[in-house]
Each structure stands twice: as C-alpha cells, then as structure tokens.
Amino acid sequence: MTSTALTDTIAAHRASILKQLEAASSREIELIAVSKRQPDERIKAALDCGQRVFGENRVQEAQDHWSERRNIEGLKLHLIGPLQSNKSEDAVALFDVIQTVDRPKIVRTLSDAAEKLGRAPDLFIQVNTGEEPQKAGVAPSGLADLVKQTRETYPGYLTGLMCIPPVDEPAGPHFALLAKLAKENGLEGLSMGMSSDFELAAQFGATHVRVGSAFFGEREAA
Ligand SMILES: *Cc1c(COP(=O)(O)O)cnc(C)c1O
C-alpha cells in the first residue's frame with residue numbers, strides 16, 4: 001500500500017469508530033489507538049490523520065515506538081499492559097496514564113519514580129472483573145483497599161478503573177460491574193471496550209476505549 005492509501009485507510013477506520021462512539025453515547029469518549037505490534041508506517045499514518053492518543057502493552061516496545069516522538073504536540077500515551085515494578089521508572093518517564101495498577105507494591109514503586117523524576121502520570125486501577133487466575137488486576141473485593149492505599153501513597157492522580165472481560169463471556173455484565181465499582185469508589189474514568197465491543201462499552205459509560213485492530217488493521221504475531 002502507498003503511504004497515502006495507508007493514511008486514507010486508517011483515517012476511514014478512525015472516522016468510523018468515532019462515529020460509532022458518538023452514536024452510542026452522549027459523552028465525550030477518549031479513543032485510545034492501541035499501537036502494540038503494529039508496523040511503524042501505520043503509526044506514522046495514524047499521526048498523519050490527527051490521532052494523538054495511543055496505548056501500548058509493553059514498556060520496551062513503547063519506548064521503541066514513542067521515545068523519539070515524545071514531543072509531538074498533544075501526544076498522550078497510555079500503558080495498558082501489566083507492569084513489572086523494576087520498569088516503574090521507565091513507565092513514569094514515558095507514559096501519561098498508567099492503567100494497570102493492581103497491587104500495593106506497584107503503587108509504591110510508581111510513587112517513588114514519580115517523586116524522583118518530577119513527573120506524575122495519572123493512574124487507573126485494573127480490576128479482574130472475571131476473577132480469572134491467569135489475568136492481572138485486583139479482585140473486585142480487594143479494590144476498596146487498593147483505592148485507599150493509592151490515594152494515600154500517590155495522592156491526586158488516581159482517576160479511573162480499567163478491565164478486560166473474559167473472552168468467553170458476554171462483556172456487558174463486566175462493563176456494568178466496573179461502572180458500579182467506579183461509582184462506589186468515587187472515580188470518573190472507565191477504560192473498557194476493545195475492537196469487538198467498544199460500542200457496548202460506550203453504552204455502559206466508558207470514558208476511554210482501547211481499540212487496536214479495528215483502528216490499525218490486524219497486528220503482527222506476538
Ligand atoms: C491489545 C489490547 C487492546 C486492543 O485490542 P483489539 O482487540 O485489537 O482492539 C485493548 N486493551 C488491551 C489491554 C490490550 O492488551
């Protein structure tokens with residue numbers, strides 16, 4: 001594909017997603033274009049279309065994609081994959097929002113990194129709404145304690161909750177649960193919905209949707 005054709009394709013995907021979000025919800029929803037495992041030419045095309053908000057799963061890959069582009073006007077980067085505490089400093093240095101806080105230790109290492117670097121990303125807590133053993137995120141029953149601890153340790157920057165529903169279940173009840181938990185804990189941000197279900201998430205009150213393949217096209221294999 002020529003680079004113009006690629007930009008046109010991604011611009012069309014983007015316009016269609018934005019239109020569907022607008023139809024699904026009266027509120028302003030942030031479209032996070034998930035650029036993990038996408039070729040650099042597609043990232044460039046997305047920037048050419050005016051997209052400025054991106055999500056990445058891994059700190060190292062995010063550095064490869066974004067370090068040299070960090071000063072693009074309006075660029076906003078979300079970390080949406082699991083975070084190892086030894087990567088906290090790199091994550092704080094690069095990202096504007098870290099969505100995958102799920103345990104006290106990571107709150108402490110992020111807080112230390114923020115103090116050291118003089119830079120404090122917003123935080124979301126990831127909730128394991130399906131209580132799946134293999135999945136990251138705090139169990140719903142542990143959320144209130146983690147919210148409290150995060151507010152004490154890293155005051156002022158906890159803004160929302162994030163979830164990834166189990167693949168083999170309808171997503172609606174998980175989105176509803178996340179919205180309820182956010183309300184109970186006085187949090188506004190709701191990061192939920194991916195390529196296959198962002199419209200549904202919007203109907204359940206998502207403030208952020210994370211869309212990869214429907215935005216960019218299929219990813220490269222892991
Ligand atoms: C990869 C990923 C996405 C995007 O997935 P698509 O199905 O391609 O939209 C969203 N959220 C998280 C946490 C992801 O890891």
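Nothing here was measured: the structure is a model prediction, and the numbers come from that model. One-based numbering, in listed order, for ligands and for the atoms of each. Note that the numbering runs from 1 along the sequence shown for the chain. Only this structure's heavy atoms are used, side chains among them; waters, hydrogens and symmetry mates stay out.
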Q: If you define the side chain from C-beta out and look only at heavy atoms, does anything of I10 sit under 4.5 Å from R42?
A: yes

Q: Would you give me the side-chain donor-acceptor pairs under 3.5 Å for residues 140-148, sequence neighbours excluded?
A:
unit_1, atom_1, unit_2, atom_2, d
K148, NZ, E152, OE2, 3.3

Q: Does L190 offer a backbone N or O that forms a donor-acceptor pair with the side chain of T207 under 3.5 Å?
A: yes

Q: Name all pairs fulfilling the salt bridge (Lys or Arg N to Asp or Glu O under 4.0 Å) condition that reach into residues 69-81, sequence neighbours left out, sorted by first residue then second.
A: E30-K76, D40-R69, R70-D96

Q: List in chain and number order the residues that pass side chain to side chain contact (heavy atoms under 4.5 Å, CB included) with T159, two or more places apart in sequence or in another chain; answer none if no residue qualifies.
A: D122, F124

Q: Should V101 and M162 count as side-chain neighbours, where that means a heavy-atom distance under 4.5 Å?
A: no

Q: Listing by chain and number, which residues have a heavy atom under 4.0 Å from ligand 1?
A: V34, K36, N57, I80, M162, I164, M194, S195, R210, V211, G212, S213, R219

